[in-house]
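This report refers to the structure that appears directly beneath it.
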Amino acid sequence: MAEKTIQLLSMVPILRAAEESALQGKPAAVGAFNVNFFTQAVGILNGLKKAQGPGIIQASRGANKFQGGPDKISAMLLAAMKKTGHHLPVALHLDHGDEEQAKICIEKGFSSVMIDASKLELPENIALTKKIVEIAHGRGISVEGEYGKLAGVEEDIVYESTTYGDPFLVPYFFNETKADALAVAYGTSHGPNKGSKGGVEKLAISIMQKSYDGMKAYGQNRDHFLVSHGSSTVPKELVAEINQYGGNVKDAQGIPLHKIQEAVVAGVRKINIDTDLRLGITATFRKYFSEHKGVEDKSPDVLKPIKKSLDEQPGAIDPRDYLKTIDIELLRKDPAGTDLEEVMVLIEKRISDHVAMLVEKFGSAGLAGKVGQA
Ligand code: G3H
Ligand code: 13P
Ligand code: ZN
């Protein structure tokens, strides 16, 4: 029998399935999960499969650099889809791209790109976003823009406080740029320290509600979609596990799930999650080394440098900070038969369980079969 071809989709039919669900009274959003290495991709795919959800797998500029370029990332995702026999709808998206990276990713197998021009003034942001849309749409590739600034780290820049997007300008942004999706700053922030109450005091879900109402009024809502960045829940038990096994992660606080669900009811259709997966991976490595005393001595080129690096960086949660010590080839392929196999099996399970749970809570479980129907 001929093998089914694996095709990466634009975000549009995927997000439209969530919008159709909402219009039928079941608010839904699709999870967009960041990826940096092969097993992380397998875990995300298996989580999507458990929940029968469509999904977006995204790589930041940092992830592309870590893996040696967007072509390496797209090949890695296709290999992970082949290994898992994944035929549910998936997009491969560039997260927080600049002009240069967006253009490269369009050439190198991504099915969607973000152009984050939010640091520019609105007219310049619109002009650059529009330019990328013109290039991408000609190839069936979707585009996400960003409007407003999230507090905290946005790629290389640290913003002290949120500059909220003006909801009344959201339909205008879509109309001018023809972008498919827009990240509107509404009080979330990237990373594990989202504020004393998970940033709830800064959250302005009404911005999403007003944006969505405006989009509906202009008939934009079936083709254009709102995105929530900085949406990790930062599970307390993962932080506790990291700290129990030698880590030192302080003041960690995520967005409570019920707040994310409120944002979905308000009209958000794409939800970005990176930090939760970083925490799960780091907790798993730390626990593994603690429960398998001396395992690193049998693996001088792989497990030993990872353990040493973790020991030296108790505050690290980004896996790239300690995985950069090993040959990147090992992190781009199936770890079966390598020194990483045992720990990667545990990581895959952690990630797939968490992704499946989030997809359920976001309301997009079971929507995979609906993609492309409207
Ligand atoms: O921008 C936020 C995402 O968590 C990606 O982070 O740029 O460190 O890969 P990164
Ligand atoms: P978190 O840091 O909350 O996971 O946000 C991820 C994100 O917005 C990626 O673009
Ligand atoms: Zn983001």
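Everything numeric here is computed off the predicted structure, so don't read it as measured data. Side-chain atoms are counted along with the backbone in the values below, which use heavy atoms only and exclude waters and symmetry mates. Atoms within a ligand are numbered from 1 in the order they appear, just like the ligands themselves.
- For the pair P54/L48, no side-chain contact is recorded, criterion being any heavy-atom separation below 4.5 Å from C-beta on.
- Taking the side chain as every heavy atom from C-beta outward, Q67 and M76 approach each other to under 4.5 Å.
- Close approach of ligand 2 to G191 (heavy-atom distance below 4.0 Å) involves ligand atoms 2 (O).
- Distance from atom 9 (C) of ligand 2 to its nearest protein heavy atom, with residue and atom name: D95 OD2, 3.1 Å.
- Listed by atom number, the atoms of ligand 1 under 4.0 Å from H190 heavy atoms are 1 (O), 2 (C).
- Residue contacts with ligand 1 for D95 involve side-chain atoms from C-beta outward but no N, CA, C or O (heavy atoms, distance under 4.0 Å).
- Of the options R222, R269, K370, a salt bridge (charged side-chain N to carboxylate O under 4.0 Å, His left out) to E20 is made by R222 and by none of the others.
- In the vicinity of D274, heavy-atom distances shorter than 4.0 Å reach the ligand 1 atoms 3 (C), 4 (O), 5 (C), 6 (O).
- Backbone and side-chain nitrogen or oxygen atoms of R320 are examined, and one is located within less than 3.5 angstrom of a nitrogen or oxygen of ligand 1.
- Under the 4.5 Å side-chain criterion, counting only non-hydrogen atoms from C-beta, F285 is in contact with L323.
- With a 4.0 Å cut-off on non-hydrogen atoms, N34 touches ligand 2 through its side chain and not its backbone.
- Side-chain contact between F110 and N64 is present, with heavy atoms from C-beta onward closer than 4.5 Å.
- Taking 4.5 Å as the limit, some side-chain heavy atom of I273 sits within range of a side-chain heavy atom of F362.
- Among all protein heavy atoms, the one lying closest to atom 3 (O) of ligand 2 is K194 NZ, 2.6 Å.
- In I273, the part holding a heavy atom less than 4.0 Å from any atom of ligand 2 is the backbone.
- With a 4.0 Å cut-off on non-hydrogen atoms, S231 touches ligand 2 through its backbone and not its side chain.
- Every atom of ligand 2 with a heavy atom of H96 under 4.0 Å away is listed here by number and element: 10 (O).
- Taking the Zn ion (ligand 3) as reference, the nearest N/O/S atom within H96 carries the name NE2.
- The protein heavy-atom contact nearest to atom 8 (O) of ligand 2 is G230 N, 2.8 Å.
- Proximity of H190 to T275: side-chain heavy atoms (C-beta onward) are nowhere separated by under 4.5 Å.
- Nearest N/O/S atom of H229 relative to the Zn ion (ligand 3): this is ND1.
- Taking 4.5 Å as the limit, some side-chain heavy atom of H229 sits within range of a side-chain heavy atom of H96.
- At least one side-chain heavy atom of P192 sits less than 4.5 Å from a side-chain heavy atom of I317.
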Q) Can E312 and K308 be said to form a salt bridge (Lys or Arg N to Asp or Glu O under 4.0 Å), step by step? A) CA-CA 6 Å; E312 286 166 1; K308 181 168 180 282; 3.0 Å; yes

Q: Start with the C-alpha distance between D276 and T233, add both sets of side-chain angles, then the distance that settles side-chain hydrogen bond (donor to acceptor under 3.5 Å, both in side chains), and finish with yes or no.
A: CA-CA 7 Å; D276 280 4; T233 60; 2.7 Å; yes

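- Residue R278 has at least one N or O atom closer than 3.5 Å to an N or O atom of ligand 1.
- Close N/O approach between N34 and ligand 1 is not found [any backbone or side-chain N/O within under 3.5 Å].
- Of all atoms in ligand 2, listed by their number and element, those nearer than 4.0 Å to a heavy atom of H190 are 2 (O), 5 (O), 6 (C), 7 (C), 8 (O), 10 (O).
- Using a 4.0 Å cut-off to heavy atoms of H229, the atoms of ligand 2 that qualify are 8 (O), 10 (O).
- Residue H229 places every heavy atom at 4.0 Å or more from ligand 1.
- Checked against E99 for a salt bridge (charged side-chain N to carboxylate O under 4.0 Å, His left out), the options K131, R61, K130 give a single hit: K131.
- Scanning the protein heavy atoms around atom 1 (P) of ligand 2, the nearest turns out to be T275 OG1, 3.4 Å.
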